[in-house]
Amino acid sequence: MTDIDVQFEAQVASDSPSGPPAFGVLQEDVSEAEQPSFLAVAAPPAPPGGEDAPSRCDCEACRCPGVTSMERSLQFMELQLRFLVSKADALHNWLVDGQDHLEREALAAAVPKFLYTCQPFFNHLESASSVSQHTLLPFDIYTMRVRRLDFSQQLCDRLEQLVLTYASYNLLCLDETNPNSVSHFFIGQSQLGPLRVTAFRYCKPTAYLARLDTGLYKRMRWNVERRAGQDGEGQIVCDTEYYFLCYEDIPNVHADAGGNYLGVSHDNVVRMWSIGQWQQVTTDTDDIYDWVLREVFQANYHKLLFLGSEEPSSCSATEYLQQLLLSQLAAE
């Protein structure tokens with residue numbers, strides 16, 4: 001392996017906790033306390049004089065006396081995005097530039113660790129974007145919020161491409177039933193009143209149930225935690241609900257009539273997207289992975305929101321879910 005490969009692996013490994021989580025299945029069990037520091041992992045060199053020193057870049061905005069701290073924060077976030085995307089590009093280029101088999105395996109082992117180092121950046125963007133969410137915002141603040149969501153979407157798309165590239169070389173497994181797979185990855189956590197919402201992106205359309213064809217394929221999952229009280233030792237107890245972004249191909253009743261009716265295609269089926277909730281059928285276990293991996297049908301998909309035939313971006317889908325959860329909270 002080249003010196004730069006070793007340096008990258010050493011950097012990523014030093015940011016990961018001992019015994020890094022299995023990203024295929026138990027990635028979401030990583031607590032906030034175990035996550036790498038956002039600034040330590042993703043920060044380029046601080047400006048002269050420290051982080052509190054005036055920002056010194058050559059862009060026209062920074063030379064204007066009226067530049068706000070929010071704008072400087074946005075510029076800093078963009079630097080973080082460029083930094084992480086450059087690391088993803090490096091992992092991609094090292095793979096496709098003809099490394100031998102052993103070097104490729106070492107690079108593949110670095111990919112889950114790199115996904116882990118991106119978690120604080122996703123969290124930072126989520127927390128910054130959720131301020132005053134779903135309220136009327138001044139245009140400049142709304143514009144900055146849209147840009148933060150765009151940063152999150154750019155990184156999500158780049159990481160998905162990276163994982164798919166390594167999977168195409170048979171170096172990473174995307175099979176959800178494999179405990180060592182990288183079937184999905186973390187893309188942010190936010191607080192929505194009493195709810196904590198954690199989002200995950202599936203690298204490719206994945207069957208809703210691993211061992212039974214339901215016709216549903218999932219692209220995102222959200223773990224929604226709600227405080228349920230305290231146990232006998234005073235520890236906070238949370239109930240977790242699971243929501244999914246799924247699609248299904250349904251018969252196109254307009255196909256025989258010539259198609260293209262109100263945007264419906266000529267094909268015999270049309271792909272429809274929705275957000276729904278996991279509904280457990282039996283009550284013999286509380287572990288979602290027991291439900292997913294069972295060979296017999298153990299859960300239903302309760303559709304809550306129909307999104308039409310266009311796949312939403314991960315950020316848009318999360319927005320839809322948050323609006324749905326807020327409406328449920330308001331009705332309680």
Side-chain angles (χ1 to χ4, degrees), residues 17 19-38 115-116 118-131 133-134 152 176 179 183-202 208-210 218-246 275-294 298-305 314-315 317-332:
F23 278 76
V25 175
L26 298 178
Q27 177 180 358
E28 56 272 37
D29 294 334
V30 179
S31 66
E32 294 180 10
E34 294 174 326
Q35 289 186 351
S37 165
F38 166 63
L115 295 175
Y116 181 84
C118 294
Q119 292 186 11
F121 183 66
F122 280 120
N123 280 342
H124 189 67
L125 290 174
E126 280 291 330
S127 62
S129 301
S130 61
V131 176
Q133 194 170 12
H134 309 299
S152 179
E176 191 178 23
S183 61
H184 59 281
F185 58 92
F186 174 100
I187 57 171
Q189 187 176 89
S190 60
Q191 196 72 30
L192 203 63
L195 306 178
R196 184 166 66 177
V197 182
T198 308
F200 302 90
R201 176 71 173 178
Y202 286 90
Y208 182 63
L209 295 177
K218 54 196 176 188
R219 287 293 271 146
M220 290 187 67
R221 188 183 83 237
W222 299 272
N223 296 358
V224 179
E225 298 175 81
R226 182 194 302 263
R227 289 190 177 184
Q230 295 183 341
D231 60 18
E233 298 179 355
Q235 299 293 323
I236 296 176
V237 178
C238 293
D239 289 335
T240 304
E241 298 174 339
Y242 303 95
Y243 295 82
F244 292 86
L245 170 68
C246 291
I275 291 176
Q277 184 177 2
W278 177 281
Q279 285 192 335
Q280 185 183 358
V281 173
T282 60
T283 58
D284 59 340
T285 179
D286 291 327
D287 187 343
I288 187 174
Y289 294 106
D290 285 346
W291 309 340
V292 171
L293 301 179
R294 289 288 181 90
Q298 294 288 324
N300 291 324
Y301 177 72
H302 178 49
K303 293 178 185 175
L304 299 172
L305 194 62
S314 58
C315 287
T318 298
E319 288 260 291
Y320 294 144
L321 177 73
Q322 290 176 341
Q323 293 173 18
L324 179 63
L325 295 173
L326 285 173
S327 66
Q328 292 176 349
L329 288 173
E332 293 179 354

Atom pair [atom1] ([X]) and [atom2] ([Y]), whose distance is rounded to the nearest 0.5 Å:
X    : Y    : atom1 : atom2 : result
Q191 : S127 : CD    : OG    : 11.0 Å
L115 : R201 : CG    : CZ    : 14.0 Å
L195 : Q328 : CG    : CD    : 8.5 Å
F200 : K218 : CZ    : NZ    : 12.0 Å
Q279 : E241 : CD    : CD    : 10.0 Å
C246 : R219 : SG    : CZ    : 11.0 Å

Quiz item: Considering residues at least two apart in sequence or located in another chain, which fulfil the side chain to side chain donor-acceptor pair (under 3.5 Å) criterion with S152?
Solution: none
pair [X]-[Y]: side-chain heavy atoms closer than 4.5 Å:
X    : Y    : answer
T198 : F186 : yes
F244 : I275 : no
Q322 : S190 : yes
Y320 : L245 : no
P194 : L329 : yes
I187 : M220 : yes

Quiz item: Y208 vs Y301 aromatic rings, parallel, tilted or perpendicular, using cut-offs 30° and 60°?
Solution: perpendicular
Quiz item: Parallel, tilted or perpendicular: which describes the rings of H184 and Y202, with under 30° parallel and over 60° perpendicular?
Solution: tilted
Self-check item: From CA spacing to verdict: side chain to side chain donor-acceptor pair (under 3.5 Å), E126, T318
Solution: CA-CA 10 Å; E126 280 291 330; T318 298; 5.4 Å; no
